[in-house]
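Data block below; observations after.
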Amino acid sequence: INDSQSAHHNLDVPFALDTLDSIQVLHGAGSTLHGVDALAGVVDFVTAAPASTSLLLRAGAGSFGENEQSAVAQLLRRHWSSRLSAERNFSTGFIADRDYRNETGTSESWLGSRLGVTALLFAASDRSFGAAQFYGNYPSWERTKSWFASARQEFGQHTSAAFAWRRHTDDYVLLRDDPPVYENNHIDTSWQADLRHTLPLHASALLFGLEADGDAIDSFNFSNLNSTGQVLVTPALGVHARNRGAGYIDLDLHPAKARWNLSAGLREEIFSGGPQSAFAPHLAGSLRIAPALKLRASGGYGFRIPTYTDLYYSDPTTIGNANLKPESAWSGDGGVDWAASRKLTLSATGYYSRQHDTIDYVRAAVTDRYQAVNLSGLHFAGVEASMTWLPTRGQSIRVSWTTVSGAQSALHGLLSEYIFNYPVNNLHTDWTVALPRAITLTNSVQIVQRYQQTVYPVWNTSFTRESGRIRPYLRLTNLSNTGYQEIAGVEQPSRAITGGLAIRLGK
C-alpha cells in the first residue's frame, strides 16, 4: 500500500474500517520478509472471510459538522463467501480550511476449490481535505483517489501466489481560494507479484519466496507564479518508473517441548537502473527460563527507497534531490515478559537503531526552503515498558511508556523538518470496563513530550456495544481540550463528541 509519490499518503488505505478483522504491528526492521519501506516496522491490515450472512448499518454525527455512515453486507455459502462495504464521513472542520470528506468502497470474495482458496479484493477511495499549514503557511487544499485490486491463489496448503495493483492520484492546490496560482497533479501506479512456499519441518518450517515490484509516476503542475501572470504547465515530478526483484528465505525453529524458538532469514533485493541492491538479514529468538518468564531478542536490517517527492519535487517551501540514496538502518532489541500472576503481566524492551543515509529535509535558517538530503551518523536508543492489570472481572488497566533519545550531531547546526519531531517520552494508559448490556467503556489518556517541546496530555473516552442487534456508540475525543501539534505548525482538533447507532441484521 505504501505510496511511491509521497510517504504522506502511506496510510491512504482504501478500505472501510468495519471490514477489518485485525491490525497487526511488527516492531523493528521487517525488510527480510516485507522488503522496501519496512525500515522500522510493518503495519498489516488484515481482512478475513465472513463467519455468517449479515448486514451491518451504522450512522452517526458529532462536533464540527461531523457526519458518518457505513454499510457492510456479508454472504456466506458452502464453498464461497463475499463482502461488500461502503463508508463515508465528512466534517466542516474545527478551524478554517481543515474540513474533509472521505468515501470508500470495497468488494471481497473467497472461493474454495480442490486447488485451494481464491481470494479477490477490489477497493476504491476518494478523499478531499483542507490542508491549512500542512505544507507551510498556506491555506492549501488536497484531494486523493485510490484504486486497489488484488488476487491471491492457494496451491495446496503450503504454496500461494498473489498479484496486486494500485493507482493513486493526488490533486494539490497551494492557495485554496485561488487555484491557478499553483496546482499539482500526480498520478502514480504500482504493482506487486509474490510466490511463496512453506516447507514443514516437524515442529518447524522453512519459508522461501520470490517477489517482483514496480511503480511509476506521471506528474505536472499549473502555475502563474511568474511575473507576467502567464499560466505555465511544467513537470512537477515528471515521468519516471522503476522496478525491483527479490528473493528471500526464512527458517523458523520451534522444537516440540523446547523452551526456546529461533527465526533467521535473508533477503536480496535488486533495483532497476543499475547494480544497486540491498541485502537484509534478520535473527530473532526467545527463551522461556520459567513458566511465567520469557526472554527475547531480535535484530535485523531495514531499508527505504526515496519517494518521487523526495527525488524530484520543488515548490515555494521545499526542494527535492535527484541524487538521494536509499536510507537504511541496523536495529536490535532485547526484552523480558513476566506473567507475575493471572491478573498482572509486565513487559520491558530496550532497543537501538543505527541509521545510514537517512532522508530528511533541512534548512540553515527559517527563511530558507527545506532541501532533501541524506544524513549520516544518526542513531536512536530507547526503552518500551508496559503493564497490564486485571483488577476485577470485566476490567483491565494497561499502562505503557516509551522513551527514546537520538544523536543530533548529524545536522551540523541545520534545522530538521521531520527527523527530530519524535516523542522523547510517551506515556499511554487505557482503562477498559465491561458494563451491563454488553457495553464497553474505554478511557485513554496519553501524555507526550516531543523533542524540545513542552509536555501535553490528550484524554479520549468511548462507549460501545459490540454485540446484539442494536449497537449504540459514543466517542469523546480530546476531553482535556489540549492545544497541541504532532507536526510543527499543524494544530490538532479541540474537544469533540461523536455518537451514533449501528444495526446488525442476520445470524
Value rounded to 0.5 Å, distance of CE in M387 from OG in S347: 12.5 Å

Steps toward side-chain contact (heavy atoms from CB on, under 4.5 Å) verdict (Q492, V458): CA-CA 11 Å; Q492 294 298 301; V458 179; over 6 Å; no

Test item: Q485 and V490 side chains (from C-beta on) under 4.5 Å apart, heavy atoms: no

From CA spacing to verdict: side-chain contact (heavy atoms from CB on, under 4.5 Å), W431, Q395: CA-CA 7 Å; W431 176 42; Q395 284 196 71; 2.8 Å; yes

Exam field: side chain S204 to backbone H254, donor-acceptor pair closer than 3.5 Å: yes

Stepwise ring pair (Phe, Tyr, Trp, His ring centres under 6.0 Å) test for Y172 and H8: CA-CA 13 Å; Y172 167 67; H8 293 164; 9.9 Å; no

Whether over 12 other heavy atoms sit under 6.0 Å from W330 CH2: yes

Beyond-backbone contact of S263 with L283, side-chain heavy atoms, under 4.5 angstrom: no

Derivation of the side chain to side chain donor-acceptor pair (under 3.5 Å) call for N2 and S4: CA-CA 7 Å; N2 277 19; S4 59; over 6 Å; no

Backbone of T317 reached by a side-chain donor or acceptor of R369 within 3.5 Å: no

Minimal non-hydrogen separation, P14 against A123, with atom names: O-CB, 3.1 Å

Donor-acceptor contact present, side-chain T309 to main-chain Q5, <3.5 Å: yes

Over-ring placement of R267 relative to Y301, 6.0 Å and 45° cut-offs: no

H9 and H168 aromatic ring geometry - parallel, tilted or perpendicular at 30°/60° bounds: tilted

Side chain T482, main chain P457, donor-acceptor under 3.5 Å: yes

Main-chain N/O of D3 paired to D188 side chain as donor or acceptor, under 3.5 Å: no

side-chain contact (heavy atoms from CB on, under 4.5 Å) between Y351 and H27, worked out: CA-CA 10 Å; Y351 60 90; H27 293 254; over 6 Å; no

Sidechain N-carboxylate O distance under 4.0 Å for D215, R244: yes

Closest non-hydrogen atom pair between A96 and A132, with its separation: O-CB, 4.0 Å

Atom pair CD1 (I249) and CG (L33), whose distance is rounded to the nearest 0.5 Å: 11.0 Å

Separation between CG of D360 and CG of L375, rounded to the nearest 0.5 Å: 5.5 Å

Separation between CG of L346 and OG of S386, rounded to the nearest 0.5 Å: 8.0 Å

W389 atom CH2: more than 12 heavy-atom contacts under 6.0 Å: no

Shortest non-hydrogen contact between Y248 and T32, atoms and distance: CB-O, 3.5 Å

Exam field: side chain T144 to backbone D170, donor-acceptor pair closer than 3.5 Å: no

Any donor-acceptor N/O pair, D194 side chain to A162 backbone, under 3.5 Å: no

Any side-chain heavy-atom pair of H34 and D44 under 4.5 Å: no

Approximate separation, where rounding is to 0.5 Å, of T402 OG1 and N425 CG: 9.0 Å

Residues, nucleotides or ligands: over 12 heavy atoms within 6.0 Å of W260 CH2: yes

Derivation and outcome, side chain to side chain donor-acceptor pair (under 3.5 Å), residues N426 and Q446: CA-CA 7 Å; N426 192 345; Q446 185 179 22; 3.1 Å; yes

Intermediate values then yes/no, side-chain contact (heavy atoms from CB on, under 4.5 Å), T318 and Y135: CA-CA 9 Å; T318 60; Y135 305 105; over 6 Å; no

Verdict with reasoning, S444 to N460, per side chain to side chain donor-acceptor pair (under 3.5 Å): CA-CA 5 Å; S444 174; N460 300 320; 5.0 Å; no

Whether F271 and F303 hold their rings parallel, tilted or perpendicular, with breakpoints at 30° and 60°: perpendicular

Centroid-centroid distance, Y361 to Y370, less than 6.0 Å: no

Whether E327 side chain and I359 backbone form a donor-acceptor pair below 3.5 Å: yes

Carboxylate-amine/guanidinium proximity below 4.0 Å for D126 and R143: yes

For the student: nearest non-hydrogen atoms of A365 and L415, plus distance: C-CD1, 4.2 Å

Polar side-chain atom of S63 near backbone of I497 as donor-acceptor pair, under 3.5 Å: yes

Whether N374 side chain and K325 backbone form a donor-acceptor pair below 3.5 Å: yes

Beyond-backbone contact of W191 with T189, side-chain heavy atoms, under 4.5 angstrom: no

Distance-minimising heavy-atom pair for G406 and F380: CA-CD2, 3.4 Å

Heavy-atom side-chain proximity of N261 to D252 below 4.5 angstrom: no

Neighbour count >12 (heavy atoms, 6.0 Å) for atom CH2, W459: no

Validation row: N221, Y182 side chains within 4.5 angstrom (heavy atoms): yes

Side-chain heavy-atom pair I487, Y418 within 4.5 angstrom cut-off: no

Reported OG-to-CZ distance for the pair S494 and F64, which is rounded to 0.5 angstrom: 3.5 Å

Close side-chain approach of F45 to I1, heavy-atom, < 4.5 Å: no

More than 12 heavy atoms from other groups under 6.0 Å of CG on N137: no

No-hydrogen, no-angle side-chain donor-acceptor test under 3.5 Å, T388 and R398: yes

Considering all heavy atoms, the nearest S298-D333 contact: OG-OD2, 2.7 Å

Ring geometry between Y422 and Y451 (parallel below 30°, tilted from 30 to 60°, perpendicular above 60°): parallel

